[in-house]
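Note that the structure is predicted; figures quoted are calculated from it, not measured. Below, read A as the first sequence line, B as the second, and so on, with proteins coming before strands; counting in each chain starts at 1. For the numbers below, each heavy atom of this structure counts, side chains included, while hydrogens, waters and symmetry mates do not.
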Amino acid sequence: MQEQDNDQIQQRKRHLAEIAEMGHAVYPHRFDRTHTLTEIVEKYRDQAGRRDEAELERINIELKSAGEVAVAGRIMTMRLMGKAAFAHLSDGLNLLQVYVRKNDVGDDAWNLYQKLDLGDWIGVRGYIFVTKTGELSIHVSSLRFLAKALLPMPDKYHGVQDKELRYRQRYVDLIASSSVHEREPGELTTREVFEKRAKIIRETRRFFDERGYVEVETPMLSPLATGAAARPFVTHHNALGIDLYARIAPELYLKRLIVGGFEKVYEINRNFRNEGLSYKHNPEFTMLEWYQAYSDFRDLMDLTEELITMLLDKVCGMRRIPFQDLTIDFNDWQRLTMREAVIKYWPDESTRPTIDGLMDREQLEKAAAALDINFDPKLNNGQLLGEIFEHVAEPNLINPTFITEFPTELSPLSKQSADDPRFVERFELIVAGMEIANAFSELNDPAEQRRRFEEQVNQRESGDEEAMVMDEDYIRALSYGMPPTGGEGIGIDRLVMLMTNRRSIRDVLLFPHMRPESH
RNA sequence: GGGCCGUUAGCUCAGUCGGUAGAGCAACUGGCUUUUAACCAGUGGGUCGUAGGUUCGAGUCCUACACGGCUCACCA
């Protein structure tokens, strides 16, 4: 707006000045509606549609007798025909046509109408009718100016195609995508994506609330960044004179609450990780975590299936959903151990390792070499198996699959398997090649937890910046006794991606992180 | 960080062999009282991402940079 105004902006400013000269408030304070546009559209949907003349007349007499309504919205299209005009108003979700006729609104309103531009906000009063082409409309009797759009609207047919513009100026994307004509069948508008996102979170809360979980809030800023393997953002607290970290996970705080006697808690909130951006990574992302006493990871698998199928039923209305080129079938839940998955998806018969081989250093290195994986020789066996799994199996797991039997080295907060201490009681849920959930039977032995932390500290000292740090207070909490507990985290953004068929996490974040604009 | 692609009017996009910039929407003028990607006639609108270079001449070729997209790496 600082740079030189183009002809369209100048024109719009002129129009605004002329509206003011006509005596209208150019930024009025309120407008009383009887309905939202969506309410009208939904209420009278059955009346719309092409009909013969007599039938149409009957319907319109009936609609007119119902009296006037008052609605408001942003002007998305305008068609002027001499002394009458049509326009579409938008409430962001739905469009409703209005019909303005000079004879019916009078000269003042008609003159005002001449000064309106695409994108302006107006309120109208009038009665509902159906046009001869069958479109539900409002026959306007009076008109009120509500606010000006000083900047020109995007192409009404194609909307905003430039992804950078869509992410940086989401408001423009939201305006334009509500009326874009060119859309794949079933493709959601930007607004609809975020309505669905809200519904997913709402229904998730309801799910846990109904089951007696208590929603809690734990620190977003804390003196230690723990609970996950990731690099943190650092900030400084002036009054205390200490550095604080934006949390990378709420895990250890939530388990302290289990120690304190909460039996079931959950939290839906942001985590922050100072790492790269990708189609499935954003530096801040929304995580659902919950913990429940007297449960183990098997209970959590069942609950996860229940939660996600409930969300699909309510949000998508089906359990077989399209995702990019794939179809994901949420009626088909698989359970595989990590080693079984590696063997199942191993690409080449002649080099395929055995189940036992995947626990043997020499065999693991041979397997990694066969896959051309460049691995750090400092990796331990568990980490190497994890690498191999991610290369061979993860991208191939399309339908929801619980991967179990994680190596203990990869899982410093999980309880070991009762019959094989090389593994922990943990699963990850993989869908469409993405990690959606991660859960385990929580390690509640403070002595063993200390040993695991010490291993992490050693790894950190040998250069692994993502290894965990020692958390003495957490050990102290566990020393007061934590009952057997299961805990899980679900990446909400990725779940929203699946349920709205969006390939990039940026498409399910209203304001994704971008490099700042250079001016 | 590497590779590939993109950046032209407010928006969506063309631009041939290097020869001085095009369309649709939007805007402006006129016409039109049930249109709907309204229509008909006419008009205006450009530092071609930025900075250099090659050339008689660069939107077009070369180099660097900026921003973005995709992808690989990283992110267990």
Side-chain angles (χ1 to χ4, degrees), chain A residues 3-12 14-15 53 56 60 76-88 95 97-105 110 117-119 129-135 137 139 149-169 172-173 175-176 179-182 228-231 248 273-283 338 373-376 379-380 382-391 394 406-407 409-412 428 435 438 456 459 464-468 503-504 506 512 514-519:
Chain A
E3 62 267 28
Q4 279 210 316
D5 293 344
N6 69 25
D7 57 336
Q8 302 196 45
I9 295 171
Q10 288 173 19
Q11 179 62 30
R12 284 163 182 267
R14 246 189 326 267
H15 277 163
E53 220 171 299
L56 191 61
N60 279 334
M76 300 306 293
T77 66
M78 297 177 92
R79 292 173 293 286
L80 177 65
M81 295 165 306
K83 298 187 175 62
F86 287 94
H88 276 114
L95 295 174
Q97 183 169 258
V98 297
Y99 177 53
V100 182
R101 197 159 68 169
K102 187 178 181 195
N103 289 359
D104 297 328
V105 296
W110 184 249
D117 294 295
L118 288 177
F129 77 114
V130 176
T131 66
K132 42 183 210 201
T133 56
E135 180 161 349
S137 306
H139 195 124
L150 291 171
L151 297 176
M153 293 293 116
D155 185 300
K156 67 182 174 187
Y157 193 66
H158 301 94
V160 182
Q161 296 298 319
D162 181 347
K163 286 199 175 180
E164 182 175 357
L165 193 59
R166 292 175 70 153
Y167 296 147
R168 286 195 196 278
Q169 294 176 234
V172 177
D173 179 27
I175 294 166
S179 65
V180 164
H181 293 66
E182 235 172 30
R231 281 189 254 181
I248 56 175
R273 297 187 183 176
N274 203 341
E275 288 163 357
L277 290 78
S278 83
Y279 75 96
K280 54 182 174 180
H281 294 92
N282 194 65
M338 186 178 280
I373 299 175
N374 294 322
F375 62 91
D376 185 340
L379 291 188
N380 58 43
Q383 288 170 322
L384 195 45
L385 174 59
E387 283 282 315
I388 292 169
F389 166 77
E390 282 188 17
H391 274 80
E394 200 170 66
F406 275 66
E409 303 97 307
L410 288 182
S411 315
E428 280 188 3
E435 178 192 338
N438 179 22
Q456 291 289 309
Q459 283 180 26
D464 183 352
E465 285 187 70
E466 274 145 19
M468 289 186 194
R503 65 165 282 107
S504 169
R506 294 185 154 179
M514 307 278 280
R515 208 178 286 272
E517 279 180 278
S518 51
H519 279 290

N/O (side chain, A:R168) to phosphate O (OP1/OP2, B:G68) under 4.0 Å: yes

A:A84 has its side chain closest, among B:U33, B:C67, B:U12, to B:U33

Is A:Y167 touching bases, backbone alone, or none of the nucleic acid, heavy atoms closer than 4.0 Å? sugar-phosphate

In 5'-to-3' order, the base (B), backbone-only (S) or no-contact (-) status of each nucleotide in nucleotides 40-49 of chain B, using a 4.0 angstrom heavy-atom cut-off, is ----B-----

When you get a sec, tell me which of B:A27, B:A76, B:C11 is the closest nucleotide to the side chain of A:E466? B:A76

Contacts of A:D7 meeting side chain to side chain contact (heavy atoms under 4.5 Å, CB included) (sequence neighbours excluded), chain-then-number -> none

Between B:C75, B:A76, B:G68, which nucleotide has the shortest distance from any of its atoms to the side chain of A:E275? B:C75

Heavy-atom distance under 4.5 Å between the side chains of A:S137 and A:V130, does that happen here? no

Taking for A:P412 and for A:A87 the nucleotide of RNA chain B with the nearest heavy atom, the one nearer the 5' end belongs to A:A87

Just compare B:U33, B:A27, B:C75 and give me whichever is closest to any side-chain atom of A:L118. B:A27

Check: A:H158 side chain, B:C11 base, donor-acceptor under 3.5 Å: no

Taking 4.0 Å as the cut-off, does a side-chain nitrogen or oxygen of A:R515 come that near to OP1 or OP2 on B:G68? yes

Which listed nucleotide (B:U33, B:U12, B:C70) is nearest to the side chain of A:V160? B:U12

Under 3.5 Å for both pairing distances: what stems, at least three Watson-Crick or G-U pairs long, include RNA chain B? B:1-7 with B:66-72, B:10-13 with B:22-25, B:27-31 with B:39-43, B:49-53 with B:61-65

Ignoring hydrogens and geometry beyond distance, is the side chain of A:Q97 in donor-acceptor contact with the base of B:U35 at under 3.5 Å? yes

